[in-house]
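Reviewing the structure listed below.
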Amino acid sequence: MSYEKELAAAKKAASLAALLCQKVQKALLQSDIHSKSDKSPVTVADYGSQALVSLVLERELPSESFSLVAEEDSGDLRGNSGQETLQRIRTLVNDTLANNEYSSVSNLTTDDVLRAIDNGKSEGGSRGQHWVLDPIDGTKGFLRGDQYAIALALLDEGKVVLGVLACPNLPLTSISGENQQSSQDKLGCLFFATVGTGTYMQPLDGSSLLKVHVSTTENPEEASLFESFEAAHSLHDLSSTIAKKLGFKAPPVRIDSQAKYGALSRGDGAIYLRFPHKGYREKIWDHAAGCIVVTEAGGVVADAAGNPLDFSKGKYLDLETGIIVTNQKLMPLLLKAVKESLEERASSL
Ligand SMILES: Nc1ncnc2c1ncn2[C@@H]1O[C@H](COP(=O)(O)O)[C@@H](OP(=O)(O)O)[C@H]1O
Ligand SMILES: [Mg+2]
Ligand SMILES: [Mg+2]
Ligand SMILES: [Mg+2]
């Protein structure tokens with residue numbers, strides 16, 4: 001089955017959401033940032049992005065069975081304290097629609113916006129098709145002015161069949177360790193993949209198209225390792241033990257969001273390691289798009305036991321703690337180093 005129509009709609013939706021996020025990041029007001037019940041941050045851009053993607057997908061792909069599993073919900077926007085924020089989201093969404101090809105639907109009410117956000121309430125699963133959305137992945141990076149991604153994927157019978165990653169702050173050129181970033185670098189990448197057809201990258205303005213491949217290096221000494229910027233999201237000391245075992249020379253590249261998967265898909269680095277603290281449960285929207293972007297570029301994504309990720313179990317990924325991403329040649333070596341490091345860590349605790 002081809003997913004051409006779905007891909008075109010997903011690229012449109014993610015690109016439009018990226019425009020909204022860029023506008024907010026440029027002029028971030030303190031009043032735009034809120035704390036969710038789990039204390040994680042959420043901004044008007046997270047909500048606005050979710051509403052836009054939901055609206056564009058529904059409009060481009062009319063279907064009775066539209067299902068979206070997305071990170072945010074409208075709960076905090078419905079009370080009195082949420083009204084000002086809701087108005088701001090509505091203005092952002094309407095302005096973004098009006099300035100693009102959707103001017104005829106840019107008169108949304110606050111109820112329309114709440115409904116669009118809550119469209120993302122599906123639970124996913126192993127039957128039928130479900131869209132999976134992280135409207136801003138890396139909200140902490142977004143707030144720092146660093147990396148973030150709009151991550152959109154499609155599940156069909158429990159498998160990821162399409163993924164789009166919009167990374168507004170990612171340079172179009174490599175971010176590998178030895179490449180010093182310069183302020184001249186052009187920013188803004190869109191990665192996309194459908195099952196069986198490879199991974200492509202284009203500038204967010206759509207001006208050119210490039211097929212990308214993961215690094216084919218077998219030698220960790222010449223490779224970069226990616227991990228979360230936030231130490232609370234991944235055990236930096238554990239990845240450093242693994243890196244030492246493998247003989248990595250370069251320090252890790254720490255960046256936020258699924259931009260890591262995008263950068264890996266074009267060979268900027270060779271390994272991405274993610275080891276959350278005990279008890280954390282990974283959500284499907286944090287990995288679905290990134291996973292297909294890397295695998296279609298020739299890479300492998302696995303949990304710490306070497307099993308592929310299973311996206312068919314609802315909102316959560318059910319896995320052996322840890323996510324590891326690399327090319328086919330390095331995976332056996334990496335799994336061995338991960339296993340040894342985890343055993344050493346367990347015996348020292
Ligand atoms: N304690 C924790 N351990 C691991 N991941 C966490 C975490 N708390 C939040 N996250 C997830 O880490 C994501 C960001 O990943 P990264 O560290 O690679 O930038 C967050 O996505 P959001 O920013 O969409 O909420 C969130 O889902
Ligand atoms: Mg979040
Ligand atoms: Mg996320
Ligand atoms: Mg998010």
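Note that ligands are numbered from 1 as they come in the structure, with each ligand's atoms numbered from 1 the same way. The first residue in the sequence is number 1, and the count goes up from there. Any value given below was found using the heavy atoms of this structure, including those in side chains, with hydrogens, waters and symmetry copies removed.
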Name, closest N/O/S atom of D134 to the Mg ion (ligand 4): OD1
Got a salt bridge between E71 and K283, using NZ or NE/NH1/NH2 to carboxylate O under 4.0 Å? no
Is any side-chain N of the basic residue among E230 and R144 closer than 4.0 Å to the acidic one's carboxylate O? yes
Within E71, is some N, O or S atom less than 2.8 Å away from the Mg ion (ligand 2)? yes
Taking N, O or S atoms only and a limit of 2.8 Å, check whether I136 reaches the Mg ion (ligand 4). yes
Closest to the Mg ion (ligand 3), which N/O/S atom of D137 is it? OD1
Does the distance from a Lys or Arg side-chain N to an Asp or Glu carboxylate O, for D46 and K36, drop under 4.0 Å? no
Closest N/O/S atom of D286 to the Mg ion (ligand 3), by atom name? OD1
Taking only Lys NZ, Arg NE, NH1 and NH2, and the carboxylate oxygens of Asp or Glu, determine whether D237 and R345 approach each other closer than 4.0 Å. yes
Above 12 or not: heavy atoms from other molecules or residues under 6.0 Å from CD of E4? no
